[in-house]
There are 2 protein chains.
Amino acid sequence: MPEFDDVDRQLLRMLREDGRCTFSEMAPEVGLSVAAVKRRVDRLKDTGVIKGFTVQIDHTKLGWGIEAFVELSYTGTTPVGEIVRTCYTVPEVQAVFTIAGDPDALVHVRVRDIEHLQQVIDGLRRVGQVTGTKTLMVLGSWTRTA
Amino acid sequence: MPEFDDVDRQLLRMLREDGRCTFSEMAPEVGLSVAAVKRRVDRLKDTGVIKGFTVQIDHTKLGWGIEAFVELSYTGTTPVGEIVRTCYTVPEVQAVFTIAGDPDALVHVRVRDIEHLQQVIDGLRRVGQVTGTKTLMVLGSWTRTA
DNA sequence: GTTGAAATAGATTCTTC
DNA sequence: GAAGAATCTATTTCAAC
């Protein structure tokens, strides 16, 4: 990453708040022309700073109201790559974080109800050499800019 | 949420993979007309299923290479709303999850380096009635569809 | 639910400074 | 680096089915 200035930061902030924000909307905000804004956003994509765009979904509205983090501990011989692989095949898993120390992984899951959560946790325990789990039930959440 | 069918699910899946996917791109995929796709996406926005759109950023490219989860425990008298409020004023905090049981909150932070992480954790400890913290350093991560 | 057409707006490219 | 104009593409609305 060579130069990266306040204008770039401003553009990223605007795109974080609205990923479909147009060049014409951003241009006056940063005091540049539409063409100049396009060149900057293109450069952010080319350099990989912008990985892509996505939609923000309210999962409770879809009936997937329960969110939890599952801490997983594995036997010492389990390679990290296998931990991730055994987790992301489970459709309820939203994200997997491999961790230094204890636990070995933190898995973010989203489920319809408690019974469903129980099934998902059982599924995670079964695959691989899991030695223990601890489930953190999410009561509420706040995410930056969402 | 009244009716919500496979076409809607397909549209959400496509928008998750590319939030800037156009109606004209989605229409042939789901076998509907452009106008019909627009009506469905508009309905998903109106009903709140679609909360918004955002950009996916590679923070390592911006020099914020370290990611961690901090488990926070509070005194019994601390209201949940205050926990969230004291956390999201810290700019390094990406997300706050309030938890049922122990710990009371799980905080996702993103920092430049270890020294910076130390400062952020110290900052989180200072505000509110924090009785203990445990930090999970993220070695690697996988997120659905990202 | 569909099609097609028309109007608007945004993206993109090119030439200019 | 930047602006402005021309072109193309997509969105949006509408009428009719």
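Sequence lines set the chain letters: A, B, ... in the order given, protein chains first and strands last, and positions in each chain run from 1. Heavy atoms only: backbone and side chains are in, while hydrogens, waters and symmetry mates are out. Keep in mind that this is a model prediction, so the values were computed, not measured.
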- Item | Side-chain hydrophobic cluster, 4.5 Å single linkage: members besides A/Val80 | none
- Query: Which ring pair (Phe, Tyr, Trp, His ring centres under 6.0 Å) pairs, counting each pair once, include a residue from residues 12-63 of chain B, with sequence neighbours left out?
  - Reply: none
- Task: Report, as a single string ordered 5' to 3', how protein heavy atoms within less than 4.0 Å touch nucleotides 8-17 of chain C: B base, S sugar-phosphate only, - not at all.
- Result: --SSB-----
- Task: For DNA chain D, note the earliest and the latest nucleotide, 5' to 3', having some atom under 4.0 Å of a heavy atom belonging to chain B.
- Result: D/dA10 to D/dT13
- Task: Show which residues join A/Val120 in its hydrophobic cluster (side-chain heavy-atom contacts under 4.5 Å, direct or indirect), or state none.
- Result: A/Ile66, A/Val70, A/Leu72, A/Tyr74, A/Ile83, A/Val84, A/Tyr88, A/Val90, A/Val93, A/Val96, A/Val107, A/Val109, A/Val111, A/Ile114, A/Leu117, A/Ile121, A/Leu124, A/Val130, A/Met137, B/Trp142
- Task: Under 4.5 Å between side-chain heavy atoms, chaining through other members, with only Ile, Leu, Val, Met, Phe, Trp and Tyr counted: pull out the rest of the cluster around B/Leu136, sorted by chain and number.
- Result: A/Phe69, A/Phe97, A/Ile99, A/Leu106, A/Leu136, A/Val138, B/Phe69, B/Phe97, B/Ile99, B/Leu106, B/Val138
- Can you name the residues that form a side-chain contact (heavy atoms from CB on, under 4.5 Å) with B/Val127, not counting sequence neighbours? B/Thr86
- Sequence-distant partners of B/Ser141, side chain to side chain donor-acceptor pair (under 3.5 Å), two or more places apart: none
- Residues in side chain to side chain donor-acceptor pair (under 3.5 Å) with A/Glu67, at least two apart? A/His108
- Who are the side-chain contact (heavy atoms from CB on, under 4.5 Å) partners of A/Gln129, not counting sequence neighbours? A/Thr75, A/Thr78, A/Glu82
- Message: Other residues, nucleotides and ligands only: do more than 12 of their heavy atoms fall within 6.0 Å of CD on B/Glu29?
- Response: no
- Selection residues 118-131 of chain A - residue pairs positive for salt bridge (Lys or Arg N to Asp or Glu O under 4.0 Å), sequence neighbours left out: none
- Scan residues 5-19 of chain A against DNA chain C and write down, sorted by residue number, each residue with any heavy atom closer than 4.0 Å; if none is found, say none. none
